[in-house]
Structure formats: C-alpha cells, structure tokens
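Worksheet for the structure shown next.
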There are 2 protein chains.
Amino acid sequence: MKTYLYPAKSEWFDLIKRPVMNLSDLFPVVQSVFNAVQQSGDNALKELTLKFDKVQLTQLAVSPKEFQTAMKIVSEELKKAIQVAYNNILTFHESQRETIQEITTTDGVICWRESRAIEKVGFYIPGGTAPLFSTVLMLGIPAKIAGCKELVLCTPPDANGNIHPAILYTAELIGITSVFKIGGSQAIGALSFGTECVPKVDKIYGPGNQYVMAAKQLAQNYGIAIDMPAGPSEVVVIADETAIPAFVAADLLSQAEHGTDSQVILLTNSEKVADNISKEIDFQLEKLPRKELAGSSLNNSKVIVFKSIEECLEFSNLYAPEHLILAVANQRFYTGKISNAGSVFLGNYSCESAGDYASGTNHTLPTNGYAKAYSGVSLDSFVKKITFQEVSETGIQNIGKAIELMAEAEQLDAHKNAVTIRLNYLSKH
Amino acid sequence: MKTYLYPAKSEWFDLIKRPVMNLSDLFPVVQSVFNAVQQSGDNALKELTLKFDKVQLTQLAVSPKEFQTAMKIVSEELKKAIQVAYNNILTFHESQRETIQEITTTDGVICWRESRAIEKVGFYIPGGTAPLFSTVLMLGIPAKIAGCKELVLCTPPDANGNIHPAILYTAELIGITSVFKIGGSQAIGALSFGTECVPKVDKIYGPGNQYVMAAKQLAQNYGIAIDMPAGPSEVVVIADETAIPAFVAADLLSQAEHGTDSQVILLTNSEKVADNISKEIDFQLEKLPRKELAGSSLNNSKVIVFKSIEECLEFSNLYAPEHLILAVANQRFYTGKISNAGSVFLGNYSCESAGDYASGTNHTLPTNGYAKAYSGVSLDSFVKKITFQEVSETGIQNIGKAIELMAEAEQLDAHKNAVTIRLNYLSKH
C-alpha cells in the first residue's frame with residue numbers, strides 16, 4: 001500500500017480517482033447478445049451458454065430433483081448459519097415498512113402514500129469460484145417482505161451444468177419462484193425480454209462482471225429498471241489510536257481478496273497507526289490462501305495520514321465509499337458528519353464481513369462514488385410508493401382558485417377548466 | 001375517442017400498447033452535443049443556444065437584475081396562488097421525512113438507516129409556450145427539505161433571451177442556487193460534466209422533450225443519476241354511474257391538451273356512462289382555445305367498457321398509468337386493488353389538475369408503464385439512506401460463527417478471518 005502524508009486539498013481529487021470503467025466499449029457485444037436472445041429465445045440462451053460457459057444444457061430451469069439434491073448436500077451447520085443471517089436480515093428489512101400516514105394539507109385535501117410491490121423481479125447471482133448465496137438472501141428477503149409475486153433468479157452453471165447447492169438451498173429457503181442456469185449478459189437479456197421459459201421482469205438486481213454491469217445499463221433502454229449502477233467493491237477504514245491494528249488489517253485484506261480492481265483505503269490521524277496497520281497487513285497477508293490476489297489488489301491501495309479524524313471524514317465524503325469502517329474512539333460522535341457512504345461500520349467489532357453476511361443490513365451497495373446519489377438495496381428497492389389524494393367539495397373550494405391561476409399562467413386552459421367546471425357546479429348546487 | 005366494448009383478456013395487451021418511443025435513435029445526436037459541451041464548455045453552450053434557440057447570449061446565468069424584474073412582473077394574485085401550492089407541497093413532502101429507528105437484530109447488533117441529502121442536484125424546466133414554474137415547486141421544495149446544498153436550474157431562453165418571470169419568481173422563492181438559460185440536451189450535458197459557469201451535479205430531475213429524455217438516459221453512462229425515465233403524459237379515468245360526466249370530460253381534455261402523443265383512456269362499467277362522457281367531450285372541446293391539439297390527441301384515445309369496476313382496475317394495473325382518477329362510488333374501497341399507478345385521484349372533486357399544482361402530491365410521475373417499477377418524485381428522490389451497524393463484543397460473539405461458516409462456503413477466507421481474529425482476541429481478553 002502506498003502511503004501519503006497530509007495531502008493538500010488540491011491533491012484530493014487525484015487521490016479519490018478510481019480506475020476508469022468504460023462500460024460503453026462493451027455495449028456492442030452486449031447488444032448483439034441482447035438481439036440474439038430477443039430473436040431466438042431459449043435456443044440463443046443455450047447456444048450462448050455453450051459458447052461462454054462451455055456447457056451443453058438441455059434444460060435451462062433448475063429441476064425439482066436438483067433442488068432436492070442440494071437440500072441434502074448443504075451441511076446442517078451451514079443451514080443454521082444461513083438461518084442466523086436470514087433472521088437478522090428479515091428483522092432489519094421488516095423495520096423498513098412504511099406506515100400509511102394521511103396528511104391533510106388544506107382543509108378538505110388529504111394526501112398519502114401507499115407502497116406496492118414491484119410484481120416481477122429478476123436477480124443475477126454470479127457463480128464461479130465464489131458462489132454468492134448470501135446475495136440471494138440480500139435480494140430475496142426484502143422482495144418477499146415487499147410482496148413481489150415472481151422472483152426469478154439467473155446464475156451461471158459450472159462446467160458440469162450444475163448450480164452450487166448453497167445457492168439452490170437459499171433460493172428454496174426464501175421461496176424464489178424459479179432458478180435458471182444462465183450467466184452473463186445473456187441472463188440480463190433473458191430477464192429483459194423474456195423467452196419461452198424465462199419470464200420478463202420489471203426490475204433487475206444483483207452484482208456481476210463488467211458484461212453483466214453493461215447489460216444492466218443497456219436493459220434500462222428497454223424500459224427495465226435496475227437496482228443501481230455498479231463497479232468494483234471498495235472499503236475506507238478510518239482508524240485512530242484506539243483501533244486494533246490486527247482487526248483493521250484483516251478488514252482491509254477482506255476487501256482486497258474480492259479482486260485486483262478492489263479499492264482499499266486506510267485513513268488515519270496518526271503516522272504510528274498507519275505504520276502498525278501496514279505491518280499487520282504484511283504479516284496477515286502471508287497466511288492467506290488467496291494472497292496473490294489480495295496482494296496485487298493492495299498495490300492499488302492507499303494509506304493516507306491526515307491531521308484529524310474530521311479531515312479523514314471530509315476526504316471520505318468526497319470519495320463516497322461503498323463501505324466505511326469507523327475504528328475510532330467515540331464513533332457515534334462522528335456519524336452526523338458522514339454525508340456519502342453506502343454502509344457504515346462503527347467500532348472495533350463491526351467488521352465489514354458482519355454486514356456482508358449477517359448483521360441485518362443489505363450488502364448490495366453503491367460503489368464507484370455512486371453513494372453520492374444512490375442508496376443501497378432496501379425494502380424501498382422492491383416497492384413503488386403510489387401517491388393518493390382525496391379532494392372534497394370543501395377542498396376544491398379551498399385550493400381551486402390557486403389552481404386556476406397557475407394553470408392559466410402556464411397556458412394550460414383545459415387544466416384550468418377542470419377546476420372551473422367543478423367550482424361552477426358547486427356554486428349552483 | 002374510439003370505443004371498445006367488453007374486450008377479451010387476449011386483446012388487453014394490444015389495448016395497453018403505447019406509441020413506441022425509440023430514444024436510442026437520438027443517442028448519436030445527443031452524444032455529439034455532449035462531446036461539444038465536455039470539450040468546449042460555455043462556448044459550446046452559447047453556440048448550441050444560437051443554433052437551437054436562435055438567441056445570442058453573452059451570459060448564460062440569469063443575473064440578479066433579471067430576478068428583480070421578474071419579482072415585479074409576476075402579479076400579486078399569482079404569487080398568492082403559488083404560495084398556496086407551496087404550502088401544501090411543503091406539508092406533504094415534510095411528512096415524508098424518515099425518523100431514525102435503531103433495530104437490535106441480535107443481542108449486541110444494532111442496525112439503522114439515516115437519510116443524507118444528495119449534495120448537488122440539477123433541474124431541467126422546459127420553456128416555450130407553457131412555462132412550467134409548477135415543476136420548479138415540485139422539484140425544489142423536496143430538495144430544500146432534504147437539505148441539498150446546491151440546486152441548479154436550466155431552462156431554455158425565449159427568442160429575446162429571457163426566462164419566463166414566473167419561473168424566476170418561483171426559483172427565487174424556493175432558493176434555487178443558480179438559474180441558467182440553457183435548454184435541450186446541451187443543458188443535460190452541462191449539468192453532467194460541468195462547465196466554467198455551470199456546476200456538475202450528482203442527479204438530474206425534470207421533464208423535457210425527446211432529446212432531453214435521451215440526454216438524461218445517456219447521462220447515466222457518465223455516472224449521473226436521474227429521477228426516472230420519461231415518456232408522454234397520460235391519464236386513466238375509471239368512472240361509474242356516480243361520476244359527473246362534465247367533470248370526467250374536463251379531466252380527459254386537460255390531459256389531452258399536453259400534446260398529440262398524450263394518452264387518454266376512459267374505463268367504465270357502463271355503456272351509458274361512456275356515451276354521456278363522450279358527448280360531454282365533444283361539447284367542451286369546441287370551447288377550448290387549444291382545441292386542435294386536444295382534438296388530435298383524442299384521436300389516439302380510448303373508451304373501454306368492462307363488466308365491472310374490478311375489471312377496469314385489473315386493466316388499469318396492466319397499463320400502469322401515470323395518473324389514475326377513480327370517479328366511482330365508495331372510491332376508498334378500491335384503493336387496495338391498485339397495484340400500478342403514479343398518482344391516484346379519488347372521487348369527483350379530485351381532478352388531475354389538483355395534483356398537478358396544489359394538492360401537495362408531486363406531479364413528476366412515472367409514465368410509459370414505468371409505474372410498474374418506479375415511484376414518482378418524493379423526498380426520497382433527494383436523499384440517500386445510509387445504513388449503519390454497531391456490533392459489540394457480545395454481538396460478534398453471537399453472529400461470528402455464522403459469518404465464518406458462510407464466508408468459508410463462499411470461499412472468501414479473508415472475510416472469515418476478519419471475524420476469526422476478533423473472536424480469538426475476545427477469547428484471550
């Protein structure tokens with residue numbers, strides 16, 4: 001990790017720069033995949049799976065028998081662990097339900113909002129070496145709380161045409177409607193257009209490689225909503241002298257193992273802390289099975305020493321990290337100063353892994369600086385909030401004149417007339 | 001309006017079809033505008049304004065003197081009307097603030113969300129014949145409640161290089177930070193990239209023509225968030241025998257005057273009601289100043305008679321209208337059956353104009369079927385909800401084992417280690 005001491009503000013914009021992702025270069029490839037899926041449906045999906053995943057599938061949907069097998073393969077120990085995570089995620093996301101609140105804005109004018117589930121939702125779950133069944137929990141649980149009717153999951157098959165049993169177990173636990181063995185941009189295409197066997201959905205969620213990200217972006221041009229734009233995962237740790245160096249080092253390494261494009265940044269108000277944590281990283285790195293991956297990702301990473309924790313937070317807000325760990329004394333004192341972050345971890349025992357799996361918060365979070373304008377996935381991501389208004393005779397008499405004047409000034413006469421005709425009626429009845 | 005009697009469900013998918021909008025055809029044009037703005041900043045904006053708006057501007061920003069003049073030109077009557085709308089919009093959007101709710105998901109694990117304003121927001125306000133100062137209220141009020149720091153407004157100048165005084169008055173009333181005389185896709189480009197005088201923003205809001213819509217979509221590829229995708233405005237009215245035909249006709253016409261691509265649909269459970277409302281439309285149309293516009297938009301419009309109000313609602317949910325008016329008896333009885341709509345108007349006196357201007361609900365709503373997955377603009381549109389978690393020593397001891405097992409199953413060893421190192425530490429201290 002490269003260390004920077006007390007950088008001037010003029011240097012901050014360089015320090016917050018992430019590796020440039022130019023997804024638009026991938027659009028032509030993804031567009032041709034979309035065209036194939038739109039034109040040839042399941043046949044195209046099978047051909048693309050043979051081409052990209054090197055598997056010949058006769059059936060895209062996971063069969064009941066495959067689910068049954070998965071239920072047996074997953075260990076009881078892991079099932080119990082998944083249940084712990086499930087319960088906490090459920091509790092936290094249940095608390096996000098909005099109660100209906102009728103507001104009388106003017107006598108006779110009542111307004112309120114009601115949440116309605118997005119009917120059909122599609123999840124992309126990456127496969128490969130790290131089978132992210134935890135993401136099935138993070139997307140599936142709020143979708144079920146919201147009341148989504150159809151939950152469709154796509155995930156790439158392995159070399160034998162199978163899906164990791166933990167993914168199937170979790171899908172079954174949650175009540176995913178159907179699971180398909182489809183990966184990459186073709187999965188996003190299938191969910192966007194629908195095929196003989198894959199239903200078209202209203203909104204697509206979940207992480208993926210650059211092709212999946214580009215495909216989600218392109219899907220928006222076809223009227224499909226997405227959870228958020230995506231980029232490589234990242235963490236900022238702010239540590240002072242009360243931080244335990246071994247803990248911080250472990251947190252930085254856990255982010256680094258995600259891949260070589262992972263962003264790992266340590267901010268501190270003490271050169272000594274920076275030094276101690278750097279030493280701990282070297283020490284722990286040696287013992288990691290994925291040490292080469294984590295090591296090369298650390299090459300892009302930064303340790304920055306500032307004058308104060310406040311300055312660390314100011315820098316962090318400019319960077320807008322996906323994950324922010326505050327390993328400082330009086331951590332609650334600083335929460336009000338955080339303006340841009342996906343999810344925040346307070347104190348020495350709130351490691352990022354806790355939020356990744358089991359604290360209850362969602363791990364689908366805005367990366368790449370998107371935390372400036374986007375929230376992570378929550379119950380809100382699975383509902384629309386419909387506004388209602390009920391205007392009584394008294395109500396239209398109270399606000400009618402204002403509407404007439406404004407509509408007239410905007411030269412929308414028929415808008416004005418819709419009110420005038422009601423006011424005239426009331427004056428005669 | 002064309003009338004359909006008791007269509008079979010197999011015909012519904014044809015009936016809900018909207019005119020196809022292919023924004024991607026406009027992308028090359030918009031991309032070249034974006035490139036010019038990115039490369040040449042204010043100079044490009046001035047050249048494009050001369051080209052598209054036929055005005056030579058020396059200054060893009062509206063000057064304090066222009067604001068002062070506007071304050072004098074707008075009538076006291078209109079100012080009072082705007083204040084009525086302002087108060088109601090403020091009351092309703094204030095009620096959307098979320099209180100912080102700390103949730104203990106497991107003993108020692110506390111999770112919560114806190115809202116933070118999106119710092120820099122950009123508004124596009126169409127100019128031309130209908131100066132939509134009401135949209136300045138609808139975007140500006142929730143932005144101010146949220147605490148956005150910088151509110152930047154772009155709107156095209158008229159032939160003399162001026163902005164409509166009601167737009168300037170409303171901008172001043174709300175406290176918009178700066179107003180620029182820039183229209184079309186170049187305005188979206190300016191807000192996306194920033195220029196010498198226009199600040200780059202985090203999120204762009206507001207309606208516009210097809211070029212503006214395409215530009216907002218393209219802006220997303222540059223990491224800029226947008227309020228929602230857009231399309232032509234639309235209304236569905238569901239009326240039974242208790243509806244007052246003159247009112248319904250006026251509501252349908254007020255939607256029709258928006259333009260020839262406006263969608264206007266009447267659903268009813270009575271042929272007689274359909275007939276009476278159609279007659280009223282013909283009668284009222286004759287008296288409208290914009291009767292040709294409204295008339296030609298009615299050519300694309302539909303009256304559909306169903307067997308019951310429930311069937312009308314089922315059809316409406318499939319269509320997912322921007323505005324839905326329920327002019328039926330016991331209107332509250334039906335609200336639970338509405339699953340897809342932007343904003344709903346209940347009863348004979350809740351005309352769409354009320355929500356367009358002054359009831360308090362927002363008028364920036366999802367069109368084109370997007371109501372299936374998107375909400376209208378609300379306070380939520382101007383904040384991110386950051387999740388926080390505080391895991392104590394007890395907390396990590398309670399959920400640590402589950403995290404270790406899940407991380408191991410996902411083959412993320414460093415994630416597991418971040419927990420193990422803490423559990424080991426606690427067992428020794």
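Scope of the values below: all heavy atoms of this structure, side chains included, with no hydrogens, waters or symmetry mates. Chain identifiers are assigned alphabetically (A, B, ...) following the order of the sequence lines, protein sequences preceding nucleic acid strands; residue numbering begins at 1 within each chain.
- In terms of heavy-atom pairs under 4.5 Å with chain A, the best-connected choice from Gly400(B), Gly223(B), Gly108(B), Ala85(B) is Gly223(B).
- No other option in Glu119(A), Arg332(A), Lys385(A), Lys120(A) has as many heavy-atom pairs under 4.5 Å with chain B as Arg332(A).
- Heavy atoms of Ala371(A) lying under 4.5 Å from chain B belong exclusively to its backbone.
- Phe382(B) has its side chain within reach of Val377(B): a pair of non-hydrogen atoms, C-beta onward, lies under 4.5 Å apart.
- The two atoms that bring Lys384(B) and Ser339(A) nearest to each other are NZ-O, 3.0 Å, heavy atoms only.
- When heavy atoms are compared at a cutoff of 4.5 Å, Gln331(B) approaches chain A solely by way of its side chain, counted from C-beta outward.
- Proximity to chain B is limited to the side chain of Pro289(A), based on heavy atoms less than 4.5 angstrom apart.
- Heavy atoms closer than 4.5 Å to chain B are found in both the backbone and the side chain of Thr335(A).
- When the shell of 6.0 Å around CD of Glu102(B) is examined, it contains more than 12 heavy atoms from other residues, nucleotides or ligands.
- With a 4.5 Å cut-off on non-hydrogen atoms, Val383(A) touches chain B through its backbone but not through its side chain.
- Per-residue heavy-atom pair counts under 4.5 Å with chain A were compared for Lys401(B), Glu404(B), Gln220(B), and the maximum is reached by Gln220(B).
- Considering only heavy atoms from C-beta on, Met406(A) comes within 4.5 Å of Leu137(B) through its side chain.
- The part of Ile103(B) that comes within reach of chain A is its side chain, from C-beta onward, which places non-hydrogen atoms under 4.5 angstrom from that chain.
- Among Ser359(A), Gly355(A), Ala418(A), the residue with the largest count of heavy-atom pairs under 4.5 Å with chain B is Ser359(A).
- With a threshold of 4.5 angstrom between heavy atoms, Gln83(A) does not approach chain B through any atom at all.
- The heavy-atom pair separating Gln389(B) from Thr361(A) by the smallest distance is OE1-OG1, 2.7 Å.
- Listed for the Glu390(B) side chain is no donor-acceptor partner under 3.5 Å among the backbone atoms of Phe345(A).
- With respect to chain B, the highest number of heavy-atom pairs below 4.5 Å among Asn362(A), Asn340(A), Leu253(A) belongs to Asn340(A).
- Remark: side-chain polar atoms of Thr105(B) are not paired, donor with acceptor, to backbone N or O of Asn88(A) under 3.5 angstrom.
- Ring geometry, His164(B) versus Phe133(B): the interplanar angle falls under 30°, so the pair is classed parallel (tilted spans 30 to 60°).
- Ser254(A) places no side-chain N or O within 3.5 Å of a backbone atom of Ala414(B) that could act as its donor or acceptor partner.
- In this structure, no portion of Asn87(A) lies under 4.5 Å from any heavy atom of chain B.
- Although no hydrogens or angles enter the test, the distance criterion places a donor-acceptor pair under 3.5 Å between the side chain of Glu410(A) and the main chain of Ser134(B).
- At a threshold of 4.0 Å, the pair Asp202(A)-Lys149(A) does not count as salt-bridged, since none of the basic side-chain nitrogens sits closer than that to a carboxylate oxygen.
- In this structure, chain B has a heavy atom under 4.5 Å from the side chain of Leu426(A), while its backbone stays farther away.
- When the candidates Ile224(B), Asp251(B), Thr420(B), Val201(B) are compared by the number of heavy-atom contacts under 4.5 Å with chain A, Asp251(B) comes out ahead.
- Of all the listed residues (Asn398(B), Val84(B), Ile421(B)), the one sharing the greatest number of non-hydrogen pairs under 4.5 Å with chain A is Ile421(B).
- Under the 30°/60° scheme for interplanar angles, the aromatic rings of Phe388(B) and Trp112(B) are found to lie parallel.
- The closest side-chain heavy-atom distance from Ser381(A) to Lys203(A) is below 4.5 Å.
- Looking at Gln284(B), its side chain does come within 3.5 Å of a backbone N or O of Ala246(B) through a donor-acceptor pair.
- There is no contact between Ile89(A) and chain B, counting heavy-atom distances below 4.5 Å.
- Looking at Tyr370(B), only its side chain comes within 4.5 Å of chain A, counting heavy atoms on both sides.
- Both the backbone and the side chain of Leu412(B) come within contact range of chain A, judged by heavy atoms closer than 4.5 Å.
- Using a 4.5 Å cut-off between heavy atoms, Ser392(A) contacts chain B through its backbone alone, with no side-chain atom that close.
- Contacts of Ile396(B) with chain A are made by side-chain atoms alone, with heavy-atom separations under 4.5 Å and no backbone atom involved.
- Interface residue Phe27(A): only side-chain heavy atoms are found under 4.5 Å from chain B.
- With a threshold of 4.5 angstrom between heavy atoms, Gln397(A) does not approach chain B through any atom at all.
- There is no contact between Leu324(A) and chain B, counting heavy-atom distances below 4.5 Å.
- A donor-acceptor contact under 3.5 angstrom links the side chains of Gln217(A) and Asn221(B), judged on distance only.
- Counting all heavy atoms, side chain and backbone alike, Ile338(B) lies closest to Ala341(B) at CG2-CB, 4.0 Å.
- Contact annotation for Leu326(B): neither backbone nor side-chain heavy atoms come within less than 4.5 Å of a heavy atom of chain A.
- Your options are Leu90(A), Asn368(A), Ile244(A), Thr104(A), and the one with the most heavy-atom pairs under 4.5 Å with chain B is Ile244(A).
- Taking 4.5 Å as the limit, some side-chain heavy atom of Leu218(B) sits within range of a side-chain heavy atom of Gln31(B).
- For a residue to count as touching a neighbouring chain, one of its non-hydrogen atoms must lie under 4.5 Å from one of that chain's; by this rule Gln101(A) touches chain B with the side chain only.
- Residue with the most contacts toward chain A among Asn348(B), Leu23(B), Ile110(B): Asn348(B) (heavy-atom pairs, distance under 4.5 Å).
- The shortest non-hydrogen separation linking Glu280(B) to Ala249(B) is CB-CB, 3.6 Å.
- Looking at Ala166(B), there are no atoms closer than 4.5 Å to chain A (heavy atoms on both sides), in backbone or side chain.
- Contact count versus chain A (heavy atoms, under 4.5 Å) is highest, among Ile82(B), Val109(B), Leu132(B), for Leu132(B).
- Contacts with chain B were tallied for Gly376(A), Ser378(A), Ser353(A); Ser353(A) has the most, counting heavy-atom pairs under 4.5 Å.
- Contact count against chain B (heavy-atom pairs under 4.5 Å) is highest for Ser375(A) among Ala250(A), Ser375(A), Ala117(A).
- Residues Asn417(B) and Asp413(B) fail the side-chain proximity criterion, which asks for heavy atoms closer than 4.5 Å.
- In this structure, chain B has heavy atoms under 4.5 Å from both the backbone and the side chain of Ala225(A).
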